[in-house]
Amino acid sequence: MPDVTNPPADSPAAAAADGQPEDGVSWREMAVARSLDSARTRAENRVQRFMAAAMELITTNEGKDFTVQEVVERSGQSLRSFYQHFDGKHELLLALFEESVVSTTAYLTERIGDEADPLERIHRFVVEYHAACRPPSPGRTPPKGVPPAMAEFAQQLLTQHPKEAARAFGPLVSMFRDLLEEATAAGVVRPGLPDRRVAGVVLEAVMFNVFSSTIGGASTRGDDRDAAEELWDLLAHGIVGTPG
């Protein structure tokens, strides 16, 4: 589908945006371009209403499962309209997950923005990402701008739709790879690391560590900051330590 929000300069849609037809562009073509733009706006609004309804259901139901019919009813739209935009519930979840990844990346960028030390930037990324992935609990307010169901989505999607979920993780992976590149250039991490693989391992380790007790029985349901720092120490130094 053509991108009518950023049309080529010589397209009817661009002419419509300027209010005057270009050479060779009829008023009829301009009218069609405007209608396409309007249709896209309406479609975006419908999609946003479906996504907002699904997020409300997840939030109010404390992460419990929901049905497409419940999303449709809460959004005030039709089932037919839902299936015009989503192939099914899994596509809706993927769209929600993409949104949560984008908002989490923005949140982490803000949280580490004032830190100049390259290694400390990675440290803070891990700790803040750990906090962002924590599920809501009594007396705990999730980080601003981070959907509380993000990690629940990630677990389900990585298991059932791993390729799609991996693509959705793109912004976070890119951010961590940039941090790793800065730290490598500064000489504070060893060179030659496969940055994409390291990013995946770190993100998965943080996200899944948040949700369960380890095999050794050490629960992560205690102090958030202590659990995050323990995980960072393991990620940063491993179990061998620095050779003497």
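Quick caveat: nothing in here was measured; it's all calculated off a predicted structure.
Of the possible polar contacts, one joining the S75 side chain to the V72 backbone as a donor-acceptor pair under 3.5 Å is found. Using a distance-only test at 3.5 Å, with no hydrogens or angles considered, no donor-acceptor pair links the side chain of H130 to the main chain of V126. Although no hydrogens or angles enter the test, the distance criterion places a donor-acceptor pair under 3.5 Å between the side chain of Q77 and the main chain of R46. Of the possible donor and acceptor atoms, one in the side chain of S103 sits under 3.5 Å from a partner among the backbone N and O of S100. A side-chain donor-acceptor contact under 3.5 Å links E70 to the backbone of T67. Judged by distance alone, with hydrogens and angles left aside, the side-chain atoms of R111 form no donor-acceptor pair with the main-chain N or O of F125 at under 3.5 Å.
For E181, the CD atom is loosely surrounded, since the number of other residues' heavy atoms within 6.0 Å does not exceed 12. The number of heavy atoms from other shown groups lying within 6.0 Å of CZ (R49) is above 12.
Linking ILVMFWY side-chain heavy atoms closer than 4.5 Å, directly or via other members, places V198 and L108 in a single hydrophobic cluster. Each of F176 and V201 belongs to its own hydrophobic cluster when Ile, Leu, Val, Met, Phe, Trp and Tyr are linked at side-chain heavy-atom distances under 4.5 angstrom. Using a 4.5 Å cut-off between side-chain heavy atoms of Ile, Leu, Val, Met, Phe, Trp and Tyr, with links allowed through other members, V71 and L79 fall into the same hydrophobic cluster. Under the 4.5 Å side-chain contact rule for hydrophobic residues, V127 and L235 do not share a cluster. Both M175 and L193 are part of a single hydrophobic cluster, where members link through side-chain heavy atoms under 4.5 Å apart.
Residues F97 and F169 place their aromatic rings such that the two centres sit under 6.0 Å apart.
Ion pairing between D114 and R124 holds under the 4.0 Å rule for side-chain N and carboxylate O.
Scanning all heavy atoms of the two residues, the minimum distance from F50 to S78 falls at CZ-O, 3.8 Å. Contact detail for V101 and A168: the closest heavy-atom pair is CG1-O, 3.4 Å. For R74 against L57, the heavy-atom pair with the smallest separation is NE-CD2, 3.3 Å. What you find for Y107 and E128 is that their closest heavy atoms are OH-OE1, 3.5 Å. Nearest heavy atom pair, residue H85 against residue A43, reads CE1-CB, 3.8 Å. Counting all heavy atoms, side chain and backbone alike, A205 lies closest to L231 at O-CD2, 3.9 Å.
W232 places a side-chain heavy atom less than 4.5 Å from the side chain of I122. Looking only at side-chain heavy atoms (C-beta outward), V173 and R177 come within less than 4.5 Å of each other. Looking at D117 and V188, their side chains never come closer than 4.5 Å, going by heavy atoms from C-beta outward. Looking at Q69 and E73, their side chains come closer than 4.5 Å, going by heavy atoms from C-beta outward. When side chains are defined from C-beta on, Y129 does not count as touching V202, because their heavy atoms never get closer than 4.5 Å.
Remark: of the listed residues T184, D178, L180, L180 is the sole one forming a side chain to side chain contact (heavy atoms under 4.5 Å, CB included) with D195.
Q48 and E44 share no donor-acceptor pair across their side chains, judged by distance under 3.5 Å alone. Using modelled atom types, one finds a donor on one side chain and an acceptor on the other under 3.5 Å when comparing E229 with H123.
The CG atom of L96 sits 12.0 Å away from the CD atom of E91 when rounded to the nearest 0.5 Å.
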Criterion side chain to side chain contact (heavy atoms under 4.5 Å, CB included) on L94 and F86, from CA distance to verdict: CA-CA 10 Å; L94 283 168; F86 299 101; over 6 Å; no
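Geometrically, K89 engages F66 in a cation-pi contact, judged by NZ or CZ lying under 6.0 Å from the ring centre and within 45° of the ring axis.
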